[in-house]
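Note that these values count all heavy atoms, side chains included, but never hydrogens, waters or copies made by symmetry.
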Amino acid sequence: MAVPKRKMSRSNTRARRANWKAAVVATVACPQCKSAKLPHAACSVCGTYNGRQVLEV
């Protein structure tokens, strides 16, 4: 197992950790009701996907 030979400095540690960011959830507008929904998923408001009704809402 690889083990570091020297202690990593605070600035290097913090520079590495600075790249761990939370990504914003991507949303698209539903073509039927214009509400925000996840891409490639059925709309939770009107229940449509790809122009047809797939959920009973």
Side-chain angles (χ1 to χ4, degrees):
M1 184 172 165
V3 178
K5 196 159 238 178
R6 301 219 182 268
K7 180 179 179 178
M8 188 174 256
S9 69
R10 262 191 205 153
S11 62
N12 281 349
T13 302
R14 290 173 180 166
R16 185 186 70 246
R17 286 183 184 157
N19 291 315
W20 281 71
K21 300 176 194 69
V24 178
V25 176
T27 57
V28 295
C30 174
Q32 302 294 112
C33 65
K34 306 297 188 244
S35 65
K37 71 174 192 78
L38 293 173
H40 307 286
C43 180
S44 60
V45 177
C46 62
T48 59
Y49 181 73
N50 203 13
R52 59 195 164 101
Q53 191 74 25
V54 293
L55 295 175
E56 282 293 322
V57 183

List, by chain and number, the other hydrophobic cluster members for V57, where Ile, Leu, Val, Met, Phe, Trp and Tyr join if side-chain heavy atoms come within less than 4.5 Å, directly or indirectly. Y49, V54, L55
side-chain contact (heavy atoms from CB on, under 4.5 Å) filter on S9, not counting sequence neighbours, yields S11, N12
Q32: partners by side-chain contact (heavy atoms from CB on, under 4.5 Å), with sequence neighbours left out: C30, C46, T48
Starting from the C-alpha separation in whole Å, work towards a yes-or-no answer on side-chain contact (heavy atoms from CB on, under 4.5 Å) for K37 and T27. CA-CA 5 Å; K37 71 174 192 78; T27 57; over 6 Å; no
Identify the heavy atoms of C33 and C43 that sit nearest to each other, and give their distance. SG-SG, 3.7 Å
How would you list, by chain and number, every residue that makes a side-chain contact (heavy atoms from CB on, under 4.5 Å) with T13, sequence neighbours excluded? M8, R16, R17
Hey, what else clusters with V25 if you join Ile, Leu, Val, Met, Phe, Trp, Tyr whenever side-chain heavy atoms sit under 4.5 Å? L38
I'd like to check the side-chain contact (heavy atoms from CB on, under 4.5 Å) partners of R6; sequence neighbours left out, ordered by chain and number. none
